[in-house]
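The chains referred to below are lettered A, B, ... by the order of the sequence lines, with proteins before strands, and numbering in each begins at 1. If you're wondering where the values come from, they're calculated on a predicted model, not measured in any experiment.
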Protein chains: 2
Amino acid sequence: MRIGELARQAGTTTRTLRYYEARGLLPARRAENGYRRYDEEDLRLLHQIRLLQDFGFELEETRPFVDCLRAGHSSGDACPASLDVYRRKLAELDAVIGRLGQVREQMSAQLARAELEASAATPPAPRCELTQAAPKGHTRGADDGADE
Amino acid sequence: MRIGELARQAGTTTRTLRYYEARGLLPARRAENGYRRYDEEDLRLLHQIRLLQDFGFELEETRPFVDCLRAGHSSGDACPASLDVYRRKLAELDAVIGRLGQVREQMSAQLARAELEASAATPPAPRCELTQAAPKGHTRGADDGADE
DNA sequence: GTAGACCTTGACCCTGACGTCAACGCCAGC
DNA sequence: GCTGGCGTTGACGTCAGGGTCAAGGTCTAC
């Protein structure tokens with residue numbers, strides 16, 4: 001099949017496939033007219049890549065899995081190199097989750113404290129527009145209509 | 001104080017301060033010779049920015065806090081806009097942590113399955129080099145040597 | 001009066017994973 | 001024989017948060 005077809009089947013874009021080829025991750029055979037040609041095997045490799053990408057793998061980190069599949073294994077994680085990547089990513093993941101959990105706790109504490117202070121203290125500087133929604137003042141510099 | 005001094009006191013770089021100024025986040029007064037001039041207040045604003053950055057805030061998301069401090073409040077989260085950002089980030093954080101937790105579970109299950117298969121099945125294609133990354137048995141995980 | 005530290009602006013470079021254009025080749029259908 | 005849809009390569013843009021020059025102005029100390 002050609003590049004557009006593969007992209008559709010894998011739910012990605014031709015640009016992405018060319019990018020993968022440029023990275024050497026998913027090289028393509030060429031037809032006589034220069035068009036890239038792919039087969040079902042490439043679709044499998046591509047599925048593997050996308051799956052790992054969804055897991056948050058960088059492109060380079062999917063390479064051992066792709067190589068493993070290409071070497072004839074039925075699954076991309078049948079090779080030691082892939083397992084190493086799994087273990088490393090797992091450790092990274094734990095570190096990130098731990099860090100985010102800490103941040104979450106700190107932020108939530110900050111929020112609780114700030115909400116408490118906001119409800120307890122009637123604003124000591126009641127003429128400051130920033131503490132109120134937007135009754136009349138226009139002290140916020142240039143126009144700032146951008147609300148998300 | 002001048003830009004170099006502020007950078008030193010805040011543990012950042014002059015490039016970063018100019019970047020913040022270009023973003024309109026931390027504008028500087030100018031001396032007659034054109035040099036940027038900062039005071040203790042700017043140092044406080046900068047501390048606020050760096051703290052939130054450490055929490056994983058994008059630069060733009062620190063703006064309400066900075067504006068709040070600049071409006072005279074003793075803490076950057078004393079204004080409703082800041083609280084909104086807190087709440088939004090907290091929700092984002094929960095979503096990300098949840099997602100990462102799922103990914104962690106899936107990956108760990110994949111790893112367990114793959115390890116099991118690797119140990120159970122003596123490689124059906126023993127002449128494939130990809131299944132033998134290291135010269136001697138290296139099938140045991142928990143390698144701690146190769147860190148960046 | 002000059003070295004050297006500090007400041008200025010401007011411009012280009014980096015990462016990751018692509019998006020978007022431009023300009024052109026190939027091919028099928030009418 | 002022309003239109004339209006595919007394909008090709010190449011180059012540049014994006015986003016964040018800066019890093020790293022380069023060329024030159026300013027200030028302070030000796």
Identify whether NZ of Lys or CZ of Arg in K89(B) sits under 6.0 Å from the centre of the six-membered ring of F55(B) and within 45° of that ring's axis. no
Could you say whether T13(B) or G34(A) is positioned toward the 5' end of DNA chain D, judged by the nucleotide with the nearest heavy atom to each? G34(A)
In whole Å, I'd like the distance from the [atom1] atom of [X] to the [atom2] atom of [N].
X: E21(B); N: dC7(C); atom1: CD; atom2: C1'; result: 13 Å
X: R50(A); N: dA17(C); atom1: CZ; atom2: P; result: 11 Å
X: R2(B); N: dT8(C); atom1: CZ; atom2: P; result: 9 Å
X: I3(A); N: dC26(C); atom1: CD1; atom2: P; result: 17 Å
X: R15(B); N: dA11(C); atom1: CZ; atom2: P; result: 13 Å
X: R18(B); N: dC7(C); atom1: CZ; atom2: C1'; result: 7 Å
X: Y19(A); N: dT20(C); atom1: OH; atom2: P; result: 16 Å
X: Q53(A); N: dG16(C); atom1: CD; atom2: C1'; result: 9 Å

Just by distance, do the side chain of S82(A) and the backbone of G76(A) share a donor-acceptor pair under 3.5 Å? yes
For E58(A), all residues meeting side-chain contact (heavy atoms from CB on, under 4.5 Å), sequence neighbours excluded: E61(A)
Compare every heavy atom of T14(A) with every heavy atom of I3(A), then report the nearest pair and how far apart it is. CD1-O, 3.7 Å
Just to be sure I understand the rule, does [X] reach a base, reach only the sugar-phosphate, or reach nothing, if contact means heavy atoms closer than 4.0 Å?
X: R8(B); answer: nothing
X: T14(B); answer: nothing
X: R23(B); answer: nothing

Residues E40(A), R44(A): salt bridge by 4.0 Å N-O rule: no
Would you call R29(B) and D42(B) a salt bridge, using N to O less than 4.0 angstrom? yes
Residues, nucleotides or ligands: over 12 heavy atoms within 6.0 Å of R37(A) CZ: no
Is R36(B) close enough to dT8(C) that one of its side-chain N or O atoms is under 4.0 Å from OP1 or OP2 there? yes
If you only use heavy atoms from C-beta on, which nucleotide in dG25(C), dA17(C), dC6(C) is closest to the side chain of L59(A)? dA17(C)
Between N33(A) and T16(A), the residue closer to the 5' end of DNA chain C by nearest nucleotide is T16(A)
Along DNA chain D, 5' to 3', what are the outermost nucleotides having an atom less than 4.0 Å from a heavy atom of chain A? dC6(D) to dT9(D)
